[in-house]
Every structure is written in C-alpha cells, then in structure tokens.
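Naming convention: chains lettered A, B, ... in sequence-line order (proteins, then strands); numbering from 1 in each chain. The figures that follow rest on heavy atoms only: side chains count, while hydrogens, waters and symmetry mates do not.
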2 protein chains.
Amino acid sequence: MRTTIQRKVILEQLQTHVDHPGADTIYSEVRQVLPRISLGTVYRNLDVLANKGIIQRLEVGGDHAHFDPNPEIHPHFFCTRCRRVSDLKWKNGQSPAWTDIIEAESLEGLVIDGGSLVLEGVCSDCSAKDK
Amino acid sequence: MRTTIQRKVILEQLQTHVDHPGADTIYSEVRQVLPRISLGTVYRNLDVLANKGIIQRLEVGGDHAHFDPNPEIHPHFFCTRCRRVSDLKWKNGQSPAWTDIIEAESLEGLVIDGGSLVLEGVCSDCSAKDK
DNA sequence: CTGAATGCAAAGCCTTTGCATACGG
DNA sequence: CCGTATGCAAAGGCTTTGCATTCAG
C-alpha cells in the first residue's frame, strides 16, 4: 500500500471523528486541505483502508455507508433523527458469544465470520431539541 | 390502506419466501401474475407495508434493501457468497435485554426504539459448493 | 364520486469505473 | 523506472418521484 498524501489526509480526517461519517463528509473536509482531491479518490481510499483492516465500513441507516476509524467489531447506535452513527460498548469490554444470544439450532451449518449489532432510536442531542 | 390487487399479490409473494429478497426479486415474481405492474409500485407497496408494521425492511449487505415478511425484530444471517439473508432465532425465544450485552454507560441519554443483529459468513449451501 | 394507488418514465443519490496522467518507492 | 494512485467525468445500480390515469370504497 503506497503512502500518498491523499490517503494520509483521508485517514487522519476520519480519525478526528467520534461519529462515523459518510464518504461525502470526509470528501468535503479533506478538500479544505487538498482542494483538488476527487470524490472517487476518497471512495477508493476508504475502500482500501477498510480492506486492509485499518478502518471499518458500516452498513447502517440504509442511505449511505458510514466509516469508523476503529476496525474492531463493536455495537453502534443509529439516530433516526440526525442519522448519525455513534459507538456503543460491549458490556465487560468484550463481544458476547453469539451462542449466548442466538439459538444454536438456527446457526447449524453456518460459518460465522463477523457480526454487527446496531441499536436505533434518538440520540441525546436530538432528544434535547424536543424541549 | 386501500386493498389493491397489486398490494395483495406483493404481500403474498413475499410471504412465500423463507429468505428475504430484494424489491427486484419480488418485482419479477409478481410480474408473472400481474405482467403490467411497475417496479415503482412494488417499491411503494413494500414501503407502505413496512410502515404499517406488516413486514420489515432490512438494511443488510449494503447493496440493496431486503424485505422480511415477519415484522418482529429477530437476528439475521447474511451470506457473503450468495448474498442471501436468512433468519436466526433468539435463544430462549426472546430478544435479550440490550443492557445484558451493552455497557449501560454507553447507552446513557439514548432512547432506544429498535435494534438489529446481523451475523455474516457463509451459509451451508455455499459451504457445500466448496467441496 | 374522490382520494389513494398505479404505470411509465425521468430523475436522484450514492458509488464505482475507464482512462490518461502523475507520482511514490 | 514501473506500477500504483489520482483526477475527471461518465456510467451503474437501486430507489424515489412527477404526472396523468385508473380504481377501490
């Protein structure tokens, strides 16, 4: 993997986020540093970084992909108001065994490579705006 | 909600599936019964049915939406080979309390309306093809 | 009758891709 | 130098939408 300035800035920009933005957000932010960067380059790099296991691509919310600078599998929260994705934490610091939650019979014959747990609702910022 | 023949056939067709197809699959199947139905009508009806809580729209796999005739929240399995979505079952027949799995502190201030648990890997059909 | 639903086609969005050019190692 | 990465623009795939027409209640 070649170290280009674009790749470096994209990764650093993503790492400044506590939420998990889409490619478009990263694009407009990175453009303030590299005005000539293209959206295609942002997509290609986020893809490369995710495939290398340096970041994580999240399929949440349905409209567009979200990117998480932390590649470890952990639960997420999706706010249906502001459509932002944020982190949750496993109880006791580690992912539960799936067999503790899911009926063994329904898992028969399957090879499990990963999983995702996403809760959805309204975040505290959006709840506050109701008042 | 008006009962049109299109809506009826779309729902019945979805209910014949044990997997959770996309709108395109439903479209081509329903067209064998109603050759003049449009893809737009399929999308609109799946949307109406999901909003009424009669079916469920799943955001899984990233490429397109999947529809589940069962509106109850339950875990799913996504096969990365054939890209099909199938059902899993909660252990003991019911969803675990999220607080049993997720650290309470990270849930603070959030209003939780729902959740989704998706495991991914290779289904038994696809594993069998490896041999 | 009257508004909700349909068919058709166009438009929208996010994402990917082809190609010539630039550049990192 | 060589092959990866970029910029640009076009194309792709899924989904939504505008509009005139049809149809359920």
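If you check the side chains of A:H17 and A:D68, you find no donor sitting under 3.5 Å from an acceptor. Side chains of B:H20 and B:D87: a donor on one and an acceptor on the other come within 3.5 Å. B:T41 and B:S38 share a donor-acceptor pair across their side chains, judged by distance under 3.5 Å alone.
Summarising the geometry, the separation between CD1 on B:I5 and P on D:dC23 is reported as 12 Å, rounded to the nearest angstrom. Distance A:L46 CG to C:dC14 P: 15 Å, rounded to the nearest Å. If you take CE of A:M1 and P of D:dG3, they are 20 Å apart, rounded to a whole angstrom. To the nearest angstrom, C1' of D:dG12 lies 13 Å from CG of B:D63. With rounding to whole Å, B:L39 atom CG is found 12 Å from C:dA9 atom C1'. One can place CD of B:E59 at 14 Å from P of D:dC14, the figure rounded to the nearest angstrom. With rounding to whole Å, B:Y27 atom OH is found 10 Å from C:dA9 atom P. Atom CG in B:L49 sits about 13 Å away from atom C1' in C:dA5, given to the nearest Å.
Nucleic acid contact class of B:D47 (heavy atoms, under 4.0 Å, all strands): none. Contacts of A:I37 with the nucleic acid, taken as non-hydrogen atoms under 4.0 Å apart, involve only primed sugar atoms and P, OP1 or OP2. Within 4.0 Å of B:D24, counting heavy atoms only, lies no atom of the nucleic acid at all.
In this structure, B:P96 and A:I101 approach most closely via the heavy-atom pair CG-CG2, 3.6 Å.
Contact annotation: B:R36 reaches the phosphate of C:dC8 (side-chain N/O to OP1 or OP2, under 4.0 Å). Here B:R44 does not reach the OP1 or OP2 of D:dT16: none of its side-chain N or O atoms lies under 4.0 Å away. Note on A:T3: a side-chain N or O is less than 4.0 Å away from OP1 or OP2 of C:dG25. Listed pair B:T4 / C:dT6 meets the phosphate criterion, a side-chain N or O lying under 4.0 Å from OP1 or OP2. Phosphate proximity of D:dT15 to B:Y43: present, with a side-chain N or O under 4.0 Å from OP1 or OP2. A:T41 has a side-chain polar atom (N or O) that falls below the 4.0 Å cut-off from OP1 or OP2 of D:dG7. Distances shorter than 4.0 Å separate none of the side-chain N or O atoms of A:Q6 from OP1 or OP2 on C:dC23.
Within the 3.5 Å criterion, the main-chain N or O of B:G61 finds no donor-acceptor partner in the side chain of A:E59. Without hydrogens or angle criteria, A:K91 side chain to B:T99 main chain gives a donor-acceptor distance under 3.5 Å.
Between B:R57 and A:L34, the residue whose closest nucleotide on DNA chain D is further toward the 5' end is A:L34. Mapping B:H66 and A:I10 onto DNA chain D by nearest heavy atom places A:I10 closer to the 5' end of the strand.
If you check D:dT6, D:dT15, D:dG3 against the side chain of A:R2, the one that comes closest is D:dG3. Of the candidates D:dA5, C:dC8, C:dC14, C:dC14 carries the atom nearest the A:H64 side chain, counting heavy atoms from C-beta on.
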